[in-house]
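Encoded as structure tokens, the structure appears first; notes follow it.
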Amino acid sequence: MKPLRTRVLTQQSKKISLQIEGMICQSCASRIEKVLNKKPFVQQVSVNFAVEEAQVEFDPTQAKAEDILTIIQKTGFKGTLKTNKQPTPRQEKKSHWRLGLLLLINIPFFIGMAGMMFGNHHLMLPPMWQFVLATIVQFGLAIPFYRGAIGSIRGGLANMDVLVSSGTLTIYLYSTYMLFYHSAQGHDALHYVYFEAAVMVIGFVSLGKFLEERTKKHSLNSLELLLRLTPKQVNVWRDETWQNIPLDQVKIGDVLRANHGERIAADGVVEQGNGWCDESHLTGESMPEIKQVQSRVLAGAMVTEGSLTYRATQLGEQTLLGDMMNALSEAQGTKAPIARFADKVAGVFVPTVLGIALLTFILTWWGTADIGKAIIHAVSVLVIACPCALGLATPAAMMAGMGKAVNSGIWFKDAATMEQAAHIDTVVLDKTGTLTTGELKIAALWQPKSAVISEEDLYRITAAVEQHTTHPLAKAIVREAKEKTSSIPTALSVKTEVGEGVSAEVDGIGIVKVGTPEFCGVDLPDDLGDVWQIASVVAVSMNGEPAGAFALTDTLRDESKMAIERLWQHHIDVIIMSGDRQSVVDYVAQQLGIKMAFGGLSPRDKAAKIHTLQQEGRIVAMVGDGINDAAALARANVSFAMKSGSDVAEQTAAATLMRQSVNQLADGIFIAQATLKNIKQNLFFALIYNVLGIPLAAFGYLNPIIAGAAMALSSISVLTNSLRLKRLKIYQ
């Protein structure tokens, strides 16, 4: 027995993305994966047939990217390293003259077949003309099928090309023999040849593959639509005049202009003018936003009213649109776990079909003593059975689903995350900035009777420390401090205790702590008033002595209650977990009708409670936007971070919400559920098609021509079903 080889992912591992040319079915993708996985330096590989990309993780100390490209080439395909992170429009390199000529040759055969169906055999071409045209097709126009079949066999696997080429070549050789045999006997060979079957099978299959490629690259591919959102030419202020120049000549710092009906070319800041911009391509928010001087504008946004002059601050892949395209490109290149089923089936499918076809030939010849009929039945089996539809079932739906999610302002990092999101049955929400607006205001202030500093100084020293954190409470205090005082002192040696507070050395004061009362060592009186019972409290101490406290109140987002009701309707439980006081959390939960709400939790407590929920068998989603949510986000089955939140939370999360909205979270879950349902439908269509088609072909109920047309339609039906996701109606 051979010892099992284990692969250890090292810190030196490198991940590259490759564009693959030449794949014609899922078996091709499986073959590339199989060949690369045999190499000891390859640690992980995923080939996506739908997007024609490969993600390869390997040890750069043992091999280079060029070595992997060479292996792929020897396998029979062409790989290109994607060095530019920014996706670019695909160039249509293929000429379609071959398909056009093939369909032209099919016309007389189609007319002849139609005549034979009505008993008129005179419309069929003479046998010798059939032989000439079939020879042109078989040894000229069908060369790509032979090339693919040879490469597939060399790689140790069999694909659709093997089925089509072996089947049509068998018909051609048999018909050629019968033509010359009967011609030598002085007989009319018209009733003994089947050239039309070989020609029309290749024609139907080629047309089906053409339509499949067009659908994959254009209708399904949301990247193509995103790439069109930035204008190719822009108005730029150069040499004291407005000039119309190509976008790739624009530099950061240039002043650009966008008028009504035009799109913003770069992320920037408005310097002159005002207007309304539609940014739904990024945020999923259908309502346009007003843009004035100092407003931020985003690449790809449409100016629906007015005119804007703005200074470019980010270009290309550095823009939010570029970041989104990169994220979508990487996510579409990954595989969902459910795709493994299709991969396993496709790996053994073609060899199994070859065996069934051979058995069909033997049994039919034995039972009928008609070798011609036996060949036709066997070829019908070869042609009807193809793993293309099976291979497209998962990635096609994922492409459409992810495109729909991105258009709704939800970024899934990979296909596995999207599949897992479809199984969510419990949602854990942070309070501040998620359920509430996050626009906190100071409702009350307390200072001890022994206070040695004024109210203004309390604002100043608190803001000095809080300006070093991104928590919504800190931002609110800093904002109001700037309104009340003209200067904020310098804070040094800043230390953050996640979930508790921040300490720093403030110039002229000493050690200042800002955070929870427990962290600061501040005991608040019991008679401060009702507002303190429902407010978030931030305490302050100086050199270990209580200095004061702030009571900050927040308001619920308008859509929070409605979004939670949507989740309930889909049998998804909602739980609040917050670091805020239990009384504050209970007050918010009561307003929303949520029964499970936990306050006073540290980051470790949140993660522990999520782990407890998982042990109960729940699939948990966590939504958060702060550093203190990172541990809980990492623990959850699926984690959602707000785009405007902390970088740590966004990097930890498996999906990103462009708006701070629970409604958008619900949209993401429902899109994931619809995508998984679509995948299952596709797999059913692909499998039932073959389960029914192969027996019908084996018993002679499907001739090769109908089988070829049906095979082409099977892939188109899967793609068409996937396209329904782009028209999915979700509540906004």
- Task: Report the C-alpha distance between I442 and L552 in whole Å, list the side-chain angles of each, state the deciding distance to 0.1 Å, and finish with yes or no for side-chain contact (heavy atoms from CB on, under 4.5 Å).
- Result: CA-CA 4 Å; I442 297 175; L552 294 96; 4.0 Å; yes
- Item | For S408 against Q664, the heavy-atom pair lying closest together | O-NE2, 2.8 Å
- Query: To the nearest 0.5 Å, what is the distance between CG (L321) and CG (L298)?
  - Reply: 9.0 Å
- Query: Is there side-chain contact between Q294 and V269, with at least one heavy-atom pair below 4.5 Å?
  - Reply: yes
- Item | Between D414 and T417, a side-chain donor and acceptor under 3.5 Å | yes
- Item | CA sep, side-chain torsions, deciding dist, call: L320, M658, side-chain contact (heavy atoms from CB on, under 4.5 Å) | CA-CA 10 Å; L320 189 58; M658 296 305 296; 3.6 Å; yes
- Task: Report the residues that fulfil ring-ring contact (aromatic ring centres under 6.0 Å, His included) with F670, sequence neighbours left out, ordered by chain and then residue number.
- Result: H570
- Query: Around atom OH of Y587, are there more than 12 heavy atoms of other residues, nucleotides or ligands at under 6.0 Å?
  - Reply: no
- Item | Exercise: do D605 and S602 side chains pair donor with acceptor under 3.5 Å | yes
- Can you list the residues that meet the ring-ring contact (aromatic ring centres under 6.0 Å, His included) rule with H423, with sequence neighbours excluded? none
- Given the rule in the side-chain contact (heavy atoms from CB on, under 4.5 Å) test, do C277 and L308 qualify, once you have shown the distances and angles that lead to the verdict? CA-CA 10 Å; C277 282; L308 300 172; 3.6 Å; yes
- Item | Sub-4.5 Å side-chain heavy-atom contact between Q55 and Q44 | no
- Quick one: pull up CE in M577 and CG in L613 and give me the separation to the nearest 0.5 Å. 5.0 Å
- Can you name the closest pair of heavy atoms from V531 and A443 and give their distance? CG2-CB, 3.8 Å
- Please check if the side chain of N678 supplies one atom and the backbone of N721 the other of a donor-acceptor pair under 3.5 Å. yes
- Task: Would you indicate whether Q590, at its atom CD, is surrounded by more than 12 heavy atoms from other residues, nucleotides or ligands within a distance under 6.0 Å?
- Result: no
- Item | CD1-CG distance between I619 and N637, expressed to the nearest 0.5 angstrom | 4.5 Å
- Check: D267 main-chain N/O paired with T313 side-chain donor or acceptor under 3.5 Å: yes
- For E33 and V47, indicate whether the former's side chain and the latter's backbone hold a donor-acceptor pair under 3.5 Å. yes
- Query: Backbone N or O of T230 within a donor-acceptor pair of the R263 side chain at under 3.5 Å?
  - Reply: no
- Task: State, yes or no, whether a side-chain contact exists between T675 and K404 at a heavy-atom distance under 4.5 Å.
- Result: no
- Message: Testing the basics here: between A672 and A421, what is the closest heavy-atom pair and its distance to 0.1 Å?
- Response: CB-CB, 3.7 Å
- For R635, what residues pass the salt bridge (Lys or Arg N to Asp or Glu O under 4.0 Å) criterion, not counting sequence neighbours? none
- Task: Compare all side-chain heavy atoms of V662 with those of V574 and state whether any distance is below 4.5 angstrom.
- Result: no
- Task: Spell out, as yes or no, whether a donor-acceptor pair under 3.5 Å connects the side chain of H260 to the backbone of G306.
- Result: no
- Item | Test item: side-chain donor near acceptor, N663 and D667, under 3.5 Å | no
- Item | Contact summary for L633 and S639, nearest pair of heavy atoms | O-CB, 3.2 Å
- Message: Does any part of the side chain of D573, heavy atoms only, come nearer than 4.5 Å to the side chain of K595, both counted from C-beta?
- Response: no
- If you round to the nearest 0.5 Å, how far is CE of M596 from CD1 of I576? 11.0 Å
- Note on the structure: Heavy atoms of A631 and A607 approach each other most closely as O-CB, 4.0 Å
- Message: A side-chain contact here means heavy atoms from C-beta on lying under 4.5 Å apart; do L657 and I410 qualify?
- Response: yes
- Rounded to the nearest 0.5 Å, what's the gap from CD1 on I564 to CD1 on I594? Could you check? 3.5 Å
- Message: A side-chain contact here means heavy atoms from C-beta on lying under 4.5 Å apart; do I669 and V427 qualify?
- Response: yes
- Over all heavy atoms of both residues, which pair between N682 and A397 is shortest? Give the atoms and the distance, please. ND2-CB, 3.9 Å
- Is the shortest heavy-atom distance from the side chain of K291 to the side chain of E279 under 4.5 Å? yes
- Task: With side-chain contact (heavy atoms from CB on, under 4.5 Å) as the test, would you mind laying out the steps for E518 and E500 before giving the verdict?
- Result: CA-CA 8 Å; E518 294 78 12; E500 296 186 24; over 6 Å; no
- Output the distance between atom CG (L683) and atom OG1 (T394), rounded to the nearest 0.5 Å. 4.5 Å
